Q: 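Once you've had a glance at the structure underneath, I'll fire off some questions.
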Amino acid sequence: MFIINGKSYTKDDLKGKNIAIVDGSIIKVDSKEAVQKYGQRAKDGAVIFQGETKIIDNVLDTNYPLPPTPPTPPTFAMPKMDFPNLPKAPKSPSGTPLTNEKEWKKFEKKMAEFEEKMKTLEPKIEAYTKEMMNIEELMKPFEAEMKSYEEKMELYEIEMKKLLEKKEIEQGSKK
């Protein structure tokens with residue numbers, strides 16, 4: 001049993017039809033609960049379509065326009081972030097250098113060591129950054145193509161909605 005827009009349908013009622021969920025969700029109810037709610041007709045369970053749902057003729061039987069083709073993304077290998085010895089920055093002590101002079105001197109020494117370690121990694125970091133910038137450049141044309149595709153899809157969705165509404169009106173006048 002199917003419940004669509006508050007009305008019950010059997011599998012046979014929906015033969016050759018498609019169900020278009022415009023704005024909603026689907027809930028599957030097991031046979032025990034379905035029989036309690038809908039009687040013996042729901043002995044195999046029920047599928048409830050909540051929200052705005054439309055029953056339309058089989059879309060495959062209709063000559064609808066094809067959706068736009070999405071662009072193909074560029075192919076590239078992601079650079080490996082190879083920084084196995086990336087040091088952690090030392091944590092600054094509490095207080096100020098005046099109130100906690102001993103701890104701040106230790107901190108300054110650790111910070112100098114940290115900066116030295118980071119300096120040795122700079123060539124690797126710069127190379128990685130350069131590789132990532134190259135990927136960003138490769139992605140720019142694709143991003144423009146995707147924006148164009150999204151605009152075309154919005155127009156396609158509007159066109160399909162109009163066609164489905166027209167089809168629904170035609171089906172309503174046949175009844």
Side-chain angles (χ1 to χ4, degrees), residues 1-84 86 121-175:
M1 170 179 280
F2 299 90
I3 309 295
I4 303 168
N5 299 324
K7 188 176 173 188
S8 64
Y9 296 87
T10 65
K11 189 167 50 172
D12 290 335
D13 294 333
L14 298 172
K15 195 170 194 123
K17 307 279 185 197
N18 280 317
I19 301 168
I21 301 171
V22 178
D23 183 22
S25 60
I26 301 171
I27 297 174
K28 187 174 186 298
V29 180
D30 66 30
S31 57
K32 184 179 178 183
E33 186 181 341
V35 168
Q36 287 175 348
K37 282 186 175 181
Y38 306 106
Q40 256 336 97
R41 297 180 310 150
K43 67 181 183 294
D44 295 326
V47 178
I48 303 169
F49 291 81
Q50 292 184 319
E52 188 180 348
T53 307
K54 296 179 181 181
I55 299 171
I56 55 175
D57 282 338
N58 193 333
V59 175
L60 300 175
D61 296 341
T62 311
N63 293 321
Y64 289 116
L66 292 173
T69 305
T72 305
T75 55
F76 51 83
M78 274 306 271
K80 185 176 178 194
M81 197 168 130
D82 187 25
F83 308 115
L86 194 62
L121 291 173
E122 279 179 8
K124 275 187 171 182
I125 293 170
E126 286 173 11
Y128 177 78
T129 302
K130 186 177 179 182
E131 285 183 65
M132 289 303 291
M133 296 301 283
N134 288 339
I135 289 173
E136 190 172 316
E137 287 302 311
L138 283 173
M139 289 301 292
K140 282 182 182 176
F142 175 69
E143 288 168 359
E145 290 172 7
M146 274 304 292
K147 184 175 171 103
S148 172
Y149 168 74
E150 288 167 357
E151 290 166 357
K152 289 175 187 173
M153 272 307 290
E154 284 179 19
L155 294 173
Y156 174 77
E157 288 170 0
I158 291 167
E159 182 182 1
M160 285 301 295
K161 188 173 184 176
K162 287 178 184 175
L163 288 170
L164 291 173
E165 286 170 356
K166 181 181 174 189
K167 187 83 171 157
E168 190 175 86
I169 291 168
E170 289 171 2
Q171 287 177 350
S173 64
K174 291 178 185 177
K175 291 181 181 177

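Computed from a predicted structure; not experimentally measured. Along the sequence shown, residues are numbered consecutively beginning with 1.
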Q: Can you check whether Lys54 reaches Glu165 side chain to side chain, under 4.5 Å on heavy atoms?
A: yes
Q: Rounded to the nearest 0.5 Å, what separation is found between the NZ atom of Lys152 and the OG1 atom of Thr69?
A: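 Separation between the atoms: 8.5 Å.
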Q: Run the side chain to side chain contact (heavy atoms under 4.5 Å, CB included) check on Ile135 and Met139 step by step: do they pass?
A: CA-CA 6 Å; Ile135 289 173; Met139 289 301 292; 4.2 Å; yes
Q: From the options Lys147, Met153, Glu151, Glu145, select the one residue that forms a side-chain contact (heavy atoms from CB on, under 4.5 Å) with Tyr149.
A: Met153
Q: Would you call Lys130 and Tyr128 a side-chain contact if the rule is heavy atoms closer than 4.5 Å?
A: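 Of all side-chain heavy-atom pairs linking Tyr128 with Lys130, none is under 4.5 Å.
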Q: Heavy atoms, side chains only, cut-off 4.5 Å: are Asn5 and Phe49 in contact?
A: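 Not touching, per the 4.5 Å side-chain cut-off.
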Q: What distance do Asp12 atom CG and Lys15 atom NZ have between them, rounded to the nearest 0.5 Å?
A: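 Those atoms lie 6.5 Å apart.
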Q: Between Lys140 and Glu137, does any NZ, NE, NH1 or NH2 come within less than 4.0 Å of an OD or OE carboxylate oxygen?
A: yes
Q: Indicate yes or no: at least one non-hydrogen side-chain atom of Ser8 is less than 4.5 angstrom from one of Asp13.
A: no
Q: Quick one: do Ile55 and Tyr9 satisfy side chain to side chain contact (heavy atoms under 4.5 Å, CB included)? Show the steps, please.
A: CA-CA 11 Å; Ile55 299 171; Tyr9 296 87; 3.4 Å; yes
Q: Show every salt bridge (Lys or Arg N to Asp or Glu O under 4.0 Å) that has at least one partner inside residues 29-48, sequence neighbours left out.
A: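 Counting only pairs at least two positions apart or across chains, the salt bridge (Lys or Arg N to Asp or Glu O under 4.0 Å) contacts touching residues 29-48 are Glu33-Lys37.
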Q: Hey, what do you get for OG1 (Thr53) to CD1 (Ile19), rounding to the nearest 0.5 Å?
A: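 Spacing of OG1 (Thr53) from CD1 (Ile19) equals 8.0 Å.
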Q: With heavy-atom distances below 4.5 Å as the criterion, would you say the side chains of Val47 and Val29 are in contact?
A: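 With C-beta onward as the side chain, the pair stays apart.
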Q: Return the CD to NZ distance between Glu157 and Lys162, rounded to the nearest 0.5 Å.
A: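 It is 13.0 Å, given to the nearest 0.5 Å.
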Q: Rounded to the nearest 0.5 Å, what's the gap from CG on Leu86 to CD1 on Ile125? Could you check?
A: 6.5 Å
Q: Is there side-chain contact between Met160 and Tyr156, with heavy atoms separated by less than 4.5 Å?
A: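 Touching, per the 4.5 Å side-chain cut-off.
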Q: Go through the steps to decide whether Phe2 and Thr10 satisfy the test side chain to side chain contact (heavy atoms under 4.5 Å, CB included), and finish with yes or no.
A: CA-CA 6 Å; Phe2 299 90; Thr10 65; over 6 Å; no
Q: Can you name the nearest heavy-atom pair linking Leu163 to Pro65, along with the distance?
A: CD1-CD, 3.6 Å
Q: Where do Lys11 and Met1 land on the side chain to side chain contact (heavy atoms under 4.5 Å, CB included) test, with the steps shown first?
A: CA-CA 7 Å; Lys11 189 167 50 172; Met1 170 179 280; over 6 Å; no
Q: Drop me the distance from Met78's CE to Glu131's CD, to the nearest 0.5 angstrom.
A: 10.0 Å
